[in-house]
Trainee: 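Handing you this structure, nothing more for now.
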Amino acid sequence: MATERTLSIIKPDATARNITGKIVDKLESVGLRVVAQKRARWSEADAQKFYEVHKERPFYNDLVAFMTSGPIVLQVLEGDDAVAKNRAVMGATNPEEAEAGTIRAEFAENIERNSVHGSDSPENAANEIALCFSDDEIVG
Ligand code: ADP
Ligand code: MG
């Protein structure tokens, strides 16, 4: 297994409930290391750019509104197979379908307010990390 990096975001529903530490604990418990982390408040333009791949989806405008509604925590996670490992501990997009013990099963409010983002492929991870962090902000 190769050491990989992936982009994680703790979403506004989770920062509002002050559960960022509980989410970091879940990530670390499966062996992912937080090698960069910052809190931010996205502008509409930031969210539109990040979610450009979804711009034709019916939920796009609501998603942009949600992701700009409060603070977020952006992270780079590192570990063996980090992209897949993070997706596994996140659980399914819809918390009703998420496996017990996953972040979304435990913390998500609904399919939109689902507490975390995680890159879905190594290629997208590299692009998302470059969009959100400069090299000197990442300390492995
Ligand atoms: P994931 O975050 O699991 O990779 P997607 O990339 O498909 O899921 O969707 C991005 C985000 O858009 C989701 O995490 C969720 O916040 C929101 N979303 C996805 N599907 C829906 C939906 N059917 N209704 C409302 N919001 C949605
Ligand atoms: Mg996705």
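One-based numbering, in listed order, for ligands and for the atoms of each. Each residue takes its place number in the sequence, starting with 1.
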Trainee: How far is atom 21 (C) of ligand 1 from the closest protein heavy atom, and which atom is that?
Mentor: Phe59 CD2, 3.4 Å
Trainee: Hey, which atoms in ligand 1 end up nearer than 4.0 Å to a heavy atom of Arg57?
Mentor: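 Here the atoms of ligand 1 in question are 7 (O).
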Trainee: Minimum heavy-atom separation for Thr15 and Thr20, please, with both atom names.
Mentor: CG2-CG2, 3.9 Å
Trainee: List ligand 1 atoms under 4.0 Å from Asn114, heavy atoms only on the residue side.
Mentor: 13 (C), 14 (O), 15 (C), 16 (O)
Trainee: How far is atom 16 (O) of ligand 1 from the closest protein heavy atom, and which atom is that?
Mentor: Glu112 O, 2.8 Å
Trainee: Measure the spacing between CG of Asp13 and CG of Asn110 and express it to the nearest 0.5 Å.
Mentor: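 If we round to the nearest 0.5 Å, Asp13:CG and Asn110:CG are 8.0 Å apart.
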Trainee: Could you tell me which atoms of ligand 1, counted from 1 in the order shown, lie closer than 4.0 angstrom to a heavy atom of Lys11?
Mentor: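 By the 4.0 Å cutoff, the relevant atoms are 13 (C), 14 (O), 15 (C), 16 (O).
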Trainee: To check your reading of the model: name the closest protein heavy atom to atom 6 (O) of ligand 1, its residue, and the distance in Å.
Mentor: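 Ranking protein heavy atoms by distance from atom 6 (O) of ligand 1, first comes His54 NE2, 3.0 Å.
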Trainee: Quick check for you: to the nearest 0.5 Å, what is the distance between Leu77 atom CG and Ile129 atom CD1?
Mentor: 8.5 Å
Trainee: Are the side chains of Lys11 and Val116 in touch, meaning some heavy atoms are under 4.5 Å apart?
Mentor: no
Trainee: Under 3.5 Å between some N or O of ligand 1 and some N or O of Arg104?
Mentor: yes
Trainee: Classify the ring geometry between Trp42 and Phe50 as parallel (under 30°), tilted (30 to 60°) or perpendicular (over 60°).
Mentor: tilted
Trainee: Starting from atom 8 (O) of ligand 1, what is the nearest protein heavy atom, named by residue and atom, and what distance separates them?
Mentor: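 Scanning the protein heavy atoms, the shortest distance from atom 8 (O) of ligand 1 goes to Thr93 OG1, 3.3 Å.
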Trainee: For Arg113 and ligand 1, answer yes if some heavy atom of the residue is under 4.0 Å from a ligand atom, otherwise no.
Mentor: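 Checking ligand 1 against Arg113, which is what was asked, there is no heavy-atom contact under 4.0 Å.
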Trainee: Could you tell me whether Lys22 sits above the aromatic face of Phe107, with NZ or CZ closer than 6.0 angstrom to the six-membered ring centre and within 45 degrees of the axis?
Mentor: no
Trainee: Return the CD to CD1 distance between Glu97 and Ile111, rounded to the nearest 0.5 Å.
Mentor: 7.0 Å
Trainee: To the closest 0.5 Å, what do you measure between OG1 (Thr93) and CD (Glu112)?
Mentor: 12.5 Å
Trainee: Got the closest protein heavy atom to atom 24 (N) of ligand 1, with its distance?
Mentor: Ile111 CG2, 3.7 Å
Trainee: Short list, please: which atoms of ligand 1 are under 4.0 Å from a heavy atom of Arg87?
Mentor: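 Close to Arg87: 1 (P), 3 (O), 4 (O).
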